[in-house]
Protein chains: 2
Amino acid sequence: MTTMTAARLPFSPADRPPLGLRERKKIKTREAIRAAMYALVEEQGYEATTVEQIAERAEVSASTVFRYFPTKEDIVLTDEYDPILLEELRARPADEPWPDTIRDVMLAAARVGVEEDPHVARLRTRLMAEVPAVRSRMMESMSVTGRLICAALAERTGRDPDSLEVRVYAMSFIGGLMEASLYWAENGHQGDFTAVVDRALDVLEHGPGQEDR
Amino acid sequence: MTTMTAARLPFSPADRPPLGLRERKKIKTREAIRAAMYALVEEQGYEATTVEQIAERAEVSASTVFRYFPTKEDIVLTDEYDPILLEELRARPADEPWPDTIRDVMLAAARVGVEEDPHVARLRTRLMAEVPAVRSRMMESMSVTGRLICAALAERTGRDPDSLEVRVYAMSFIGGLMEASLYWAENGHQGDFTAVVDRALDVLEHGPGQEDR
DNA sequence: AGGCTTTTGACAGTTACTGCCATTTCGTGG
DNA sequence: CCACGAAATGGCAGTAACTGTCAAAAGCCT
């Protein structure tokens, strides 16, 4: 109930002010833990960093770290893309052709994700490529994004979000985007991430090109 | 070096006889461990089964279990689809249109996987759906299958197997097939698995249907 | 200031997994 | 058939990520 405040739907405009000391401190702690982990990972690498070290540097106990993040991997990668996606989806006209919708929504999410903190975005994708555990956790988190795509597509086309067809489509999408991120990281984060995503979206929409033969 | 004998390429016909006592015993141990785990999982569930229990029932030490399988998850799901896939790929004419190739190859692999031991196939997919750790491990293993698809597509179309386009295509494929397995398991393994895969392949080839609007 | 709730730290316990070393077991050449 | 080297095994100690519990501390409210 404390962790994962992702599902809070639209963000009513007036709920910034009423933040008690408690809430503010929680945010600070959360970010202190993140910062500690980022720093340690850059110094020693992911596996070499223990949760105790993270706790120590963040000046909290190990128990507290686990109260804020369910697993070590989550410390590096929890960040809510889904709300952005939802917001972006909501902003689109309901009769827009689906391919256009999904493309723009994905590009927007990618843009926000990278521009917000380019340094962290790179570290995150690098770890995704290098550390299996991180990659796995990311996949899990992406698959809930997949369900979100199911819902969106279902809503716009009047299909069953739980049908095999819709689900397979959504997860193939996720798989493709995941690979795009990996590609970007493996090639030293060359070029614009959104450009990479754009190319990936082409493939997902039209296939790899030169279809047969 | 002992585990994962998957990459042994074509299977020359005459290497069944020269199996020493040692080799035979190793296979027996391996299967004993697997059998022990399957049984215990059905009795108590996945998480409740510890490696020590598995070792005990298989009449080996815990050390030995870890010598045979790198992780607990691998005990349930290691089984080499990739060799089947390779063999099947090899059997196809080189000028066959790619969509036909990939479809038939995948269907063949699915068929073999399920028919060989339906009971285990169901348990495996059920665990995939229910246990995140198993699902993750499966994803990792599927992503090496993805590289295999990259290589095959690249070879047949003269493209770079490491290009973004080819990689995204392959992984979207994997994502879709993964979801098909999950779907099958979540719906109580209704119907033929190959039929489910067939529908998934339609989606991967042509999109979810009713493209836009 | 005093009582209530939430957050925190300390601690003990579990389990997957890693190395290391001594012992056993198998394959082989004499 | 027997030794000798290599491989497989078991036992043990250690690590690190979690989990659950309980008492102390800190923010909140009147």
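In this text the structure is predicted, and so the values were computed from the model without any measurement. Per chain, numbering begins at 1; letters A, B, ... match sequence-line order.
Taking only side-chain atoms of Lys72(A), from C-beta outward, the nucleotide of dA16(C), dA8(D), dC18(D) with the closest atom is dC18(D). Closest contact between the side chain of Phe66(A) and the listed nucleotides dC18(D), dT8(C), dG10(D) involves dC18(D). Set against dT8(C), dA26(D), dC17(C), the side chain of Glu73(B) has dC17(C) as its closest nucleotide. Distance from the side chain of Arg22(B) is smallest to dG27(C) among dG9(C), dG27(C), dT7(C).
Considering only heavy atoms from C-beta on, Gln190(B) stays 4.5 Å or farther from Trp184(B) through its side chain.
Looking at Arg67(A), its side chain comes within 3.5 Å of the base of dG9(C) through a donor and an acceptor atom. Looking at Ser63(A), its side chain comes within 3.5 Å of the base of dA10(C) through a donor and an acceptor atom.
Within the structure, every side-chain polar atom (N or O) of Lys25(B) is placed at least 4.0 Å from both OP1 and OP2 of dT25(C). An OP1 or OP2 oxygen of dT7(C) is reached within less than 4.0 angstrom by no side-chain nitrogen or oxygen of Tyr68(A).
Using modelled atom types, no side-chain atom of Arg159(A) and backbone atom of Ala154(A) make a donor-acceptor pair closer than 3.5 Å. The closest donor-acceptor contact from the side chain of Arg34(B) to the backbone of Ile75(B) lies under 3.5 Å.
Looking at which nucleotide of DNA chain C each of Arg24(B) and Thr29(A) is closest to, the 5′-most match is held by Thr29(A).
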Test salt bridge (Lys or Arg N to Asp or Glu O under 4.0 Å) applied to Glu43(A) and Arg57(A), step by step: CA-CA 13 Å; Glu43(A) 289 172 23; Arg57(A) 183 163 306 197; 2.9 Å; yes
